[in-house]
Colleague: 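Got a structure here, written out as structure tokens. Questions coming.
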Amino acid sequence: MKDLLTRQKALQKSTVSVIGLGYVGLTTAVVFAKNGIPVVGYEIDPKRAQKIREGAVPFEEPMVKELLKESLKAGTFKVDEKISKLSDIVFLTVGTPSDKRDGGIDLTFVKSVSKMIGEVLRSSDKLVDYPVVVVKSTVVPGTTENTVKPIIEEASGKKVGCDFGLAVNPEFLKEGAAVQDMFEPDRIVIGEFDKRSGDTLERFYQWFYEKKMPPVVRTNLVNAEFIKYASNAFLATKISFINSIANIAQKTPGADVSIIAEGIGLDNRIGRKFLNAGLGYGGSCFPKDVRALIAFSKQARYSPVLLDAVDSINQNQGSVAVKMIDEVFEGNGGSKGKTIAVLGLAFKPNTDDIREAVSIRIIKQLLSSGAKLKVYDPVAMPNVEMEFGNSLTYSKSSLEAIEDSDCAIIVTEWDEFKKLEPKDYFERMKTPIIIDGRRIYDSEKFGKALKFKAIGLGQ
Ligand code: UGA
């Protein structure tokens with residue numbers, strides 16, 4: 001307690017607003033609030049705001065619920081539906097969904113929140129000394145300068161750099177590890193319109209991280225916006241790269257992409273991370289951000305051939321697995337009428353998120369070829385049921401899903417699937433055929449016991 005008071009005192013007047021309590025906003029807010037920073041979170045949806053006030057977290061993310069409850073109890077976190085006052089630092093964390101027409105980003109929420117901030121800024125009695133508006137939402141290069149800034153200035157009648165500050169501070173949180181990523185980031189990127197804004201933000205983080213302060217990159221607004229897109233695009237490129245190698249290896253007897261990844265990953269210049277071959281990347285970030293960068297690039301009249309390839313390799317990776325199933329049943333009527341167990345539906349383990357999950361594409365393709373599907377995921381089943389209704393059989397466990405199946409495909413690498421032994425499949429399946437879409441099994445052990453095929457495994 002004493003520690004908390006000392007830290008609050010050290011912060012003096014630094015208060016924080018977080019606008020938009022989605023996954024990034026709420027996680028950011030409660031991590032700060034838990035550490036004694038007075039945070040007001042703004043959530044426009046009254047039902048969601050009320051839920052959060054009651055201590056409920058509207059998404060699956062380890063630790064967030066505990067941190068929310070503690071900070072509500074300590075009184076360091078409050079939730080409001082209307083922005084009534086600006087804090088020293090105002091984080092903008094609203095969503096920037098994909099625009100369906102061209103994959104560019106939809107700035108509706110960024111624009112409306114910027115206007116609201118401007119309106120509050122207009123009444124100077126509601127002002128702290130020099131509020132710094134910090135864009136944390138992922139926005140394409142130029143957005144903060146050309147969209148956020150003029151909207152706030154017009155709505156407020158005030159000038160950035162004189163009456164209020166402006167910065168970009170991208171987040172690099174991974175679903176399932178967001179709180180840990182907040183506490184131990186690899187770097188902090190601060191894009192600043194003016195030095196005072198950058199200083200305020202850097203001091204804030206210095207206070208927050210103390211001795212664990214990560215490296216800081218201070219730059220202009222546009223570079224900070226670019227860094228977020230380039231980071232995600234690079235990681236997506238690594239994944240599509242290793243998946244291309246996997247697809248070639250699969251056609252090469254004796255080759256195994258897992259070993260190839262190990263071998264190249266030991267080169268420090270390459271690194272082993274994000275070289276797990278499989279069924280491609282999904283979720284709410286990589287697919288959207290790669291496409292947004294493609295759209296942005298085309299607008300800038302540069303043809304993004306590399307990014308186009310990254311995206312198209314990824315879109316096609318689910319079909320590689322479906323083709324493997326078709327080949328297994330070639331000459332035996334194809335997959336029509338066969339019962340296929342789909343193990344894993346979430347876009348990655350430890351989340352119930354199925355946005356852009358490859359499972360959806362695989363399920364659609366298999367259903368259209370007339371297969372009967374038994375699906376199982378430890379947490380994502382309700383979300384899939386909402387999408388597919390009674391066209392699928394929803395199993396209560398992985399063992400129930402494989403029971404009497406003709407083939408099983410691993411789509412998400414949940415730990416509980418890794419624990420299954422060849423005999424678990426052998427004893428239950430009608431025909432024990434496994435397609436390992438995420439390379440979770442020892443190919444020698446499984447290959448000896450049953451018909452085993454895997455992404456990137458040449459046979
Ligand atoms: C990603 C980034 O990792 C975060 O740094 C970033 O902040 C976030 O996007 C964002 O922009 O908000 P996330 O989408 O939560 O985070 O998930 P990742 O753990 O990065 O995985 C993304 C996808 O890549 C998953 O579908 C995963 O299965 C796939 N993946 C990952 C592979 O197929 N192979 C790998 O080696 C690694």
Side-chain angles (χ1 to χ4, degrees), residues 20 22-28 59-62 93-98 105 136-140 169-182 184-189 225 227-247 257-258 260-262 264-265 270-293 310-311 313-318 320-321 344-362 377 380 410-414 436-440 455-456:
Y23 157 76
V24 171
L26 185 55
T27 307
T28 308
F59 47 83
E60 285 275 329
E61 188 61 42
T93 53
V94 291
T96 49
S98 233
I105 57 167
K136 237 187 200 308
S137 307
T138 301
V139 292
V140 292
N169 174 217
E171 54 81 22
F172 302 99
L173 310 181
K174 294 185 289 295
E175 275 190 47
V179 171
Q180 194 191 336
D181 287 345
M182 275 286 295
E184 292 166 13
D186 287 345
R187 79 300 210 184
I188 289 170
V189 175
E225 292 165 329
I227 288 169
K228 167 71 190 204
Y229 277 99
S231 295
N232 276 2
F234 185 76
L235 293 170
T237 302
K238 269 187 115 173
I239 298 169
S240 281
F241 169 80
I242 200 66
N243 284 337
S244 302
I245 298 292
N247 296 343
V257 74
S258 308
I260 299 168
E262 222 50 67
I264 59 176
I270 298 174
R272 177 62 184 84
K273 288 181 183 163
F274 278 72
L275 282 183
N276 294 327
L279 299 175
Y281 58 80
S284 62
C285 306
F286 287 175
K288 169 176 90 88
D289 291 354
V290 170
R291 276 176 228 144
L293 191 53
V310 167
D311 184 39
I313 290 165
N314 194 59
Q315 302 239 29
N316 205 38
Q317 203 57 12
V320 173
L345 303 167
F347 86 95
K348 66 174 186 177
N350 307 319
T351 174
D352 67 343
D353 196 343
I354 58 160
R355 283 175 290 177
E356 297 268 357
V358 69
S359 61
I360 309 288
R361 264 176 272 147
I362 291 178
D377 187 283
I410 308 291
V411 178
T412 316
E413 63 277 35
W414 284 95
D436 185 352
R438 293 286 179 182
R439 300 308 310 262
I440 62 172
I455 289 285

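Whatever order the structure lists ligands and atoms in, that order sets their numbers, starting from 1.
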Colleague: Identify, by atom number and element, the atoms of ligand 1 in contact range of L275, meaning under 4.0 Å from any of its heavy atoms.
Modeller: 36 (O)

Colleague: For atom 5 (O) of ligand 1, what's the nearest protein heavy atom and its distance?
Modeller: F172 O, 3.3 Å

Colleague: Taking only residues two or more places apart in sequence or in another chain, which ones pass side chain to side chain donor-acceptor pair (under 3.5 Å) with N232?
Modeller: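 Once residues adjacent in sequence are excluded, the partners of N232 under the side chain to side chain donor-acceptor pair (under 3.5 Å) criterion are D289.
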
Colleague: Indicate yes or no: does an N/O atom of N276 lie under 3.5 Å from an N/O atom of ligand 1?
Modeller: yes

Colleague: What about F347: any of its N or O atoms under 3.5 Å from an N or O on ligand 1?
Modeller: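 So ligand 1 has an N or O lying under 3.5 Å from an N or O of F347.
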
Colleague: Does an N or O anywhere in I239 fall below 3.5 Å from an N or O of ligand 1?
Modeller: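 Looking only at distances, the answer is no, because the N/O contact criterion of under 3.5 Å is not met.
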
Colleague: To the nearest 0.1 Å, how far is atom 15 (O) of ligand 1 from its closest protein heavy atom, and which atom is that?
Modeller: E175 N, 2.7 Å

Colleague: Has E413 got a side-chain atom pairing as donor or acceptor with R439's backbone, closer than 3.5 angstrom?
Modeller: no

Colleague: Relative to the heavy atoms of K174, which atoms of ligand 1 are at a distance of less than 4.0 Å?
Modeller: 3 (O), 4 (C), 15 (O), 16 (O), 19 (O)

Colleague: Could an N or O of ligand 1 be found under 3.5 Å from any N or O of K228, whether backbone or side chain?
Modeller: yes

Colleague: Looking only at atom types and distance, does a side-chain atom of D181 sit under 3.5 Å from a main-chain N or O of P185, one as donor and one as acceptor?
Modeller: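 It does not hold such a pair.
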
Colleague: With only distance considered, is L173 within less than 3.5 Å of ligand 1 through an N or O on each side?
Modeller: yes

Colleague: Quick one: look at N232 and ligand 1, take heavy-atom pairs under 4.0 Å, and tell me if it's side chain, backbone, both or neither.
Modeller: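 Only the side chain of N232 comes within reach of ligand 1.
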
Colleague: Run the side-chain hydrogen bond (donor to acceptor under 3.5 Å, both in side chains) check on Q317 and N247 step by step: do they pass?
Modeller: CA-CA 9 Å; Q317 203 57 12; N247 296 343; 3.0 Å; yes

Colleague: Can you check which of F286, Y281, F274 brings a heavy atom nearest to atom 37 (C) of ligand 1?
Modeller: F274

Colleague: Are N350 and W414 packed together at the side-chain level, in the sense that at least one heavy-atom pair is separated by less than 4.5 angstrom?
Modeller: yes

Colleague: Looking at ligand 1, is there an atom of it that comes within less than 4.0 Å of some heavy atom belonging to C285?
Modeller: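 Yes, C285 has heavy atoms under 4.0 Å from ligand 1.
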
Colleague: Between N169 and V189, is there a donor-acceptor pair closer than 3.5 Å when you use the side chain of the first and the backbone of the second?
Modeller: yes

Colleague: For ligand 1 and Y23, I'd like to know whether there is a polar contact (N/O to N/O, distance under 3.5 Å).
Modeller: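 No.
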
Colleague: Which heavy atom of the protein is the closest neighbour of atom 13 (P) of ligand 1, given with residue, atom name and distance?
Modeller: K348 NZ, 3.8 Å

Colleague: Taking atom CZ of R361 and atom CD of E356, what is their separation to the nearest 0.5 Å?
Modeller: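 Answer rounded to 0.5 Å: 6.5 Å.
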
Colleague: Would you say G282 touches ligand 1, if touching means a heavy atom closer than 4.0 Å?
Modeller: yes

Colleague: Does any donor atom in the side chain of T138 or K288 lie under 3.5 Å from an acceptor atom in the other side chain?
Modeller: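 No, no side-chain donor-acceptor contact under 3.5 Å.
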
Colleague: Cut-off 3.5 Å, side chains only: do E175 and T351 have a donor facing an acceptor?
Modeller: yes

Colleague: Does K238 have a heavy atom less than 4.0 Å from any atom of ligand 1?
Modeller: no

Colleague: For G280 and N314, which heavy atoms make the closest approach, and how far apart are they?
Modeller: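 Scanning both residues completely, I find the closest heavy atoms to be CA-OD1, 3.1 Å.
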
Colleague: So which bit of R438 gets within less than 4.0 Å of ligand 1, heavy atoms only: side chain, backbone, both or neither?
Modeller: side chain

Colleague: Taking only residues two or more places apart in sequence, or in another chain, which ones meet D352 in a salt bridge (charged side-chain N to carboxylate O under 4.0 Å, His left out)?
Modeller: none

Colleague: Under 3.5 Å, N or O to N or O, is T138 touching ligand 1 that way?
Modeller: no

